[in-house]
Amino acid sequence: MADLTVKIHNLELKNPVLTASGTFGYGREYDDFIDVNDLGGIIVKATTSKHREGNPYPRMAETPMGMLNAVGLQNKGIEYFVREIYPKLTEYNTNIIANVSDSTIEGYVNVARKMNKLDHIAAIELNISCPNVKEGGMAFGTSCPSAMAVTRAVREVYDKTLIVKLSPNVTSITDIALAVEEAGADSISLINTLLGMAIDSEKRKPVLSTITGGLSGPAIKPIALRMVWQVSKVVKVPVIGIGGIASASDAIEFLLAGASAVQIGTSNFIDPAITIKIIAGIEEYLIKHRIAKVKELTGALIT
Amino acid sequence: MADLTVKIHNLELKNPVLTASGTFGYGREYDDFIDVNDLGGIIVKATTSKHREGNPYPRMAETPMGMLNAVGLQNKGIEYFVREIYPKLTEYNTNIIANVSDSTIEGYVNVARKMNKLDHIAAIELNISCPNVKEGGMAFGTSCPSAMAVTRAVREVYDKTLIVKLSPNVTSITDIALAVEEAGADSISLINTLLGMAIDSEKRKPVLSTITGGLSGPAIKPIALRMVWQVSKVVKVPVIGIGGIASASDAIEFLLAGASAVQIGTSNFIDPAITIKIIAGIEEYLIKHRIAKVKELTGALIT
Amino acid sequence: MKKQIAKLVVVENTPLNVKHNLLELKSHSPLTEMLPGQFVEIKVNGSESTYLRRPFSIHRVDYDKNTIHLLIKVVGKGTKSLSELEAGDSVDIIFPLGKGFSITENEEVLLVGGGCGVAPLYFLAEQLHRNGNTVNILIGGKSGEDILLHDQYKAYGNVFISTEDGSLGEKGMVTAHSIFSSHAGFGKIYCCGPDGMMRAVAHYAEKHKIPCEVSLENTMACGIGACLCCVVESVQGNVCVCTEGPVFESSTLKGWTVENEIGCSLD
Amino acid sequence: MKKQIAKLVVVENTPLNVKHNLLELKSHSPLTEMLPGQFVEIKVNGSESTYLRRPFSIHRVDYDKNTIHLLIKVVGKGTKSLSELEAGDSVDIIFPLGKGFSITENEEVLLVGGGCGVAPLYFLAEQLHRNGNTVNILIGGKSGEDILLHDQYKAYGNVFISTEDGSLGEKGMVTAHSIFSSHAGFGKIYCCGPDGMMRAVAHYAEKHKIPCEVSLENTMACGIGACLCCVVESVQGNVCVCTEGPVFESSTLKGWTVENEIGCSLD
Ligand SMILES: Cc1cc2nc3c(=O)[nH]c(=O)nc-3n(C[C@H](O)[C@H](O)[C@H](O)COP(=O)(O)OP(=O)(O)OC[C@H]3O[C@@H](n4cnc5c(N)ncnc54)[C@H](O)[C@@H]3O)c2cc1C
Ligand SMILES: Cc1cc2nc3c(=O)[nH]c(=O)nc-3n(C[C@H](O)[C@H](O)[C@H](O)COP(=O)(O)OP(=O)(O)OC[C@H]3O[C@@H](n4cnc5c(N)ncnc54)[C@H](O)[C@@H]3O)c2cc1C
Ligand SMILES: Cc1cc2nc3c(=O)[nH]c(=O)nc-3n(C[C@H](O)[C@H](O)[C@H](O)COP(=O)(O)O)c2cc1C
Ligand SMILES: Cc1cc2nc3c(=O)[nH]c(=O)nc-3n(C[C@H](O)[C@H](O)[C@H](O)COP(=O)(O)O)c2cc1C
Ligand code: FES
Ligand code: FES
């Protein structure tokens, strides 16, 4: 048996497979299909300071080997999270990571401060990359000063592992990565969705109520892989790879490119049991290639 | 019969369907499949100041509904172009547009100056967005000052229609678009390829000799469509849409988003007769929707 | 009712007309209990342009044969591909999903289906009949050939038909059918079809103080409540059609209980 | 030879062994003239992960029946999908592509094929035989079951076989076969197979001053010279395998005429 454990700063994962925020609900949506405890961890749907209704319907468009979403951070806010959702999450026996979003630095700080008090929240992932909200969101993740400002502010109130999730909609992903690392990120996850658009040519209208939305799925994998490779070469903190992962082979590509762990997003919609298959596939690969520890794959690309 | 003609600055196109540079050779590669003269125009393979061997093999990787290429501007240089290729191009009875690339401003200017003297070259497309060369290329297209500098320099020596082709690998595509418009572009075409990467997990090696390459094909369509929509809202010059177009419906989506014409790239590899089918499909659409002129579709998105 | 991912085998794929197919899928293990109004999510194989699963209502369940029937209307690439399945092919399917219709007892009920909206009504009529209700089934369509399998409902209730061109049953929109004026005392109305039709029926129900359940069709990415893409505005804010629905009491949907503007009104 | 896009119909798909299939495709219109060594590009339908066309050598052309035969080795999703085609299915294909082998006359020639590299050799042997050559065909593989259809070549020449495990023909690498030491006076060598094997054969040919043609397999996006993805370094710089090849005189390829380092040498 191969050793699948990895470490993201203080976080010990039983295997490198996490689920991406917004694609795995709060875990229980998948209880019928898999044992969620078998995962390295789950990153739950974004939590904001206040209750948010999200964007109007339609929020989804299918694209070639991908999809656009414009959910817009629908959630009941941090108070409700602490009161109603958190107690259920504590029943899981794996790492629970909260995805923290907002429109203002104060908002982020408010959510992070409250998450800091929750024992069973092992880490937070700062979402400075949501393309589906009018204010804040992606705007924080597309300039170095604002990415640093929000990371610093949250760092001051958050003691545990702080992951910062980057937006791919930038000229230089390495600049942003270095900025948030300097500002105190313990780990960097990437990528969030790429800003895209879909049009219904017969109706002559945008498909999404918000006109543009976030592109995810296998279509974006080559871009995500490139960014993970670029970022992991320049930062010292562990990198978590996200974007279009649909198989063990995809996951291994991200590890080779420099990621210490991966997140599975849209693929959960196609196959709700995909995460477990990917974990099994990684183990098979390690055995086949006689590699003792999955850690050895990180950055092991031969160039 | 619907009116398919469009105008890009001084350029009269019999229909809005052009072929994307680097995917259509010099036209003759497609002579067996279609009558190239039926196209609105063809944009030929990039020409640089000097002969270039391009990048080593392998230069291609298939990705989900797309491909990565790392050709790296292989061409025999402007002198050879003028002497050997241009005479053959003059035999076509449609618009021939040259794609001008290089690593230095002097190089671009040299090519543009020589193209300016060729009667049958109706326009040039300035490629400041090639991700596959070490120097220059995309670097020019990812910052406003450098995009302006190269556009201005070429504008001084080039009298006919000057199209500038943008890179999607930027934080704000509208900033770059406005910069090149101010610097004298008569039209803006977008998008070139997105920087991506592919890894062979079994060999633990990058698939491409250059590690990263340019992503094209249907996978990138949502991103291209979004950028065309954003840019056409802010610039006054006509916009040419490129990126993953594989059907008449795709082409119409780009027109609705604000493009005056479109370029078909990677789809030519899947179906060498796709361009003609797209032209026929656009005409059918116009008739079905009782639209007299294709021009009326440009920017006609109902939002 | 635990959701499951399963490979079912096509027993039969019967073309009903040029646009509709009836697909019978067999499970090797005994089928779990399902409710009328619940749906399945199918992975369409073999098409590069159908990335996401496609949702379909459960048309009929045959617990003896261990089969599920789906009624499929060809509208795009995914449904085209499904309509070409052959006996013996296997289908990757997630089921049962969503909340079904609530089955009342010993009442006179009206079921209204328009177009492909009839899909869940067979299963529903069967269950209502079994629970002692007097079942009236009104089916509408553009033309006679759009009225699918109407004979099969006769075992469970009275069938009424309306077509816009009058080629079968009463002529006119389904919402103009005489049953709405001739009958009055329905204990419950169930409705499934185009948005405008459902709103008109819901409005009729509201006016006559009859409880009314409608089955919605939103675009879905996951079908299991994970993506929040399929929301509808309820009186309590945005809720997911795939988990809180697809069946809703029409009175809980925002904007459904006021006079609708679609011009499809019943009075 | 004008290139064309056509829909051909599968006449027969014969599994040769667990990894190889022989596909016979029929054209409705008379087939254009083709040369041994030329190839086709097939659009693989029905798989979301096969976006680009797949190139295959022309194994055999039957001008009487208007069919093309392809020999397909299953290595990934595209070839898997092709191996599952059934009689009656139609295939979207572009052909004929590239430059074929040059057909010498009235000489003694050697054809060397390794693995699936035998694909173009049948067509080649047939044409060489027709042009009055004495044809020797050497086929190599890992084991007896990898040696495909060797009987069919007997009509056109002498067949020699080598397998690494000795289960058929001589034991050893194909490049170690005794024909290389026993025969000397080949007028020409044609070779198609793994890179290492072709280089070794090319080196042998160079030493013995025998003209040698090899058929290369690069990854291709377009197959018609438009994308410049399929280059190989020739003595004149990068050239496209899909238009300047896939068949090259080994002496025109850069790095092919020096002792190769792959350890597959013949002497
Ligand atoms: C709960 C539910 C039950 C349904 N039951 C049935 C049924 O029993 N029989 C039947 O024929 N159809 C039913 N539909 C509609 C069916 O899901 C769509 O017609 C189908 O997804 C279209 O796929 P396509 O690839 O053919 O079309 P495309 O137009 O190619 O689909 C493109 C995208 O739009 C989505 N989409 C398109 N139309 C619809 C629609 N009307 N509803 C939801 N998503 C859509 C697709 O899922 C896909 O993501 C149901 C939908 C829902 C939500
Ligand atoms: C001129 C030429 C002639 C060929 N003739 C034959 C033949 O007669 N019989 C046969 O079985 N195979 C032949 N091949 C190889 C065949 O094209 C590949 O095996 C096939 O494309 C693999 O596709 P896949 O989807 O099964 O594999 P995947 O691994 O899924 O393919 C992924 C990508 O890599 C490319 N690729 C993978 N392997 C090769 C390869 N060896 N050569 C070129 N591209 C590759 C594919 O085209 C695709 O873009 C030939 C290749 C060339 C270039
Ligand atoms: C429907 C949907 C909702 C999402 N919501 C969030 C979110 O709330 N917070 C966040 O950081 N990312 C969110 N994402 C982005 C994903 O976590 C992930 O970064 C992205 O989808 C790319 O990965 P994938 O291609 O594997 O899906 C969402 C993605 C989808 C498809
Ligand atoms: C093989 C290949 C070569 C290309 N070469 C060039 C080039 O020389 N100059 C250029 O401006 N763009 C080049 N491009 C980019 C295309 O012109 C086009 O912008 C891009 O492929 C997106 O369009 P598509 O998705 O329709 O292919 C090339 C693209 C491909 C796939
Ligand atoms: S479709 Fe994903 S939540 Fe309903
Ligand atoms: S495959 Fe495109 S040039 Fe050869």
Side-chain angles (χ1 to χ4, degrees), chain B residues 19-34 42 44-46 51-76 132 198 207-209 213 216-219 244 246 265-274 276-277, chain D residues 1-7 32 40-45 47-55 75-79 92-98 195 216-246 253-255:
Chain B
T19 56
S21 178
T23 67
F24 208 71
Y26 296 102
R28 65 174 195 287
E29 290 81 355
Y30 289 84
D31 282 344
D32 280 359
F33 305 107
I34 60 169
I42 65 172
V44 298
K45 179 73 200 152
H51 170 106
R52 276 179 186 248
E53 277 295 307
N55 294 314
Y57 178 85
R59 294 178 171 185
M60 191 278 278
E62 193 183 44
T63 67
M65 285 306 276
M67 64 174 278
L68 290 165
N69 89 79
V71 172
L73 302 180
Q74 177 180 333
N75 80 103
K76 298 218 157 112
N132 295 323
V207 180
L208 301 174
S209 70
S216 64
T266 311
S267 291
N268 288 300
F269 305 159
I270 316 303
D271 180 357
I274 191 72
I276 299 299
K277 292 178 190 163
Chain D
M1 268 176 298
K2 199 175 159 175
K3 299 173 200 118
Q4 56 179 297
I5 320 173
K7 295 254 179 212
T32 172
V40 306
E41 281 270 8
I42 297 189
K43 167 121 193 61
V44 180
N45 278 317
S47 164
E48 67 267 303
S49 41
T50 50
Y51 171 59
L52 299 168
R53 286 176 183 264
R54 301 293 193 254
V75 299
K77 293 211 180 169
T79 46
D92 183 325
I93 185 168
I94 304 182
F95 72 98
L97 301 174
D195 192 75
L216 304 184
E217 271 191 23
N218 271 10
T219 48
M220 296 183 173
C222 73
I224 59 171
C227 74
L228 310 188
C229 286
C230 64
V231 289
V232 66
E233 255 191 291
S234 80
V235 287
Q236 279 155 31
N238 284 329
V239 294
C240 288
V241 171
C242 72
T243 48
E244 300 303 309
L253 297 175
K254 215 168 150 185

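All chains are named by letter (A, B, ...) in the order of the sequence lines, taking the proteins before the strands, and each is independently numbered beginning at 1. Since the structure is predicted, the reported quantities are computational estimates derived from the model, not experimental observations.
Highest contact tally toward chain B, considering only D/G225, D/A226, D/C222, is held by D/A226 [criterion: heavy-atom pairs under 4.5 Å]. When each of B/G27, B/P218, B/A273 is scored by its heavy-atom pairs under 4.5 Å with chain D, the top score falls to B/P218.
What you find for B/Q74 and D/V231 is that their closest heavy atoms are OE1-CG1, 3.6 Å. Of all heavy-atom pairs between D/A221 and B/M67, the closest is CB-CE, 3.7 Å.
Atom CD1 in D/I224 sits 7.5 Å away from atom CG in B/N268 (nearest 0.5 Å). Separation of atoms CZ (D/R53) and CG (B/D271) is listed at 6.5 Å; rounding is to 0.5 Å. Rounding to the nearest 0.5 angstrom, the gap separating the CZ atom in B/F269 from the NZ atom in D/K43 is 14.5 Å.
For chain D, no part of B/Y26 is nearby; none of its heavy atoms comes within less than 4.5 Å. Residue B/P56: no heavy atom, backbone or side chain, is found under 4.5 Å from chain D. For chain B, the nearby parts of D/N218 are the backbone and the side chain; heavy atoms of each come within less than 4.5 Å.
Looking only at distances, a side-chain donor or acceptor of B/R59 sits under 3.5 Å from a matching main-chain atom of D/L228. Here the side chain of B/E53 pairs a donor or acceptor atom with the backbone of D/N238 at under 3.5 angstrom. For the pair B/Y57 (side chain) and D/E233 (backbone), a donor-acceptor distance under 3.5 Å is absent.
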Task: side-chain contact (heavy atoms from CB on, under 4.5 Å) evaluation trace for D/L52 with B/M60 - done: CA-CA 11 Å; D/L52 299 168; B/M60 191 278 278; 3.6 Å; yes

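Applying the salt bridge (charged side-chain N to carboxylate O under 4.0 Å, His left out) test to B/D31 and every residue at least two apart in sequence or in another chain returns nothing.
With no hydrogens or angles considered, no side-chain donor-acceptor pair links B/T63 and D/Y51 at under 3.5 Å.
Contact check for B/P272 versus D/I94: side-chain heavy atoms found under the 4.5 Å cut-off.
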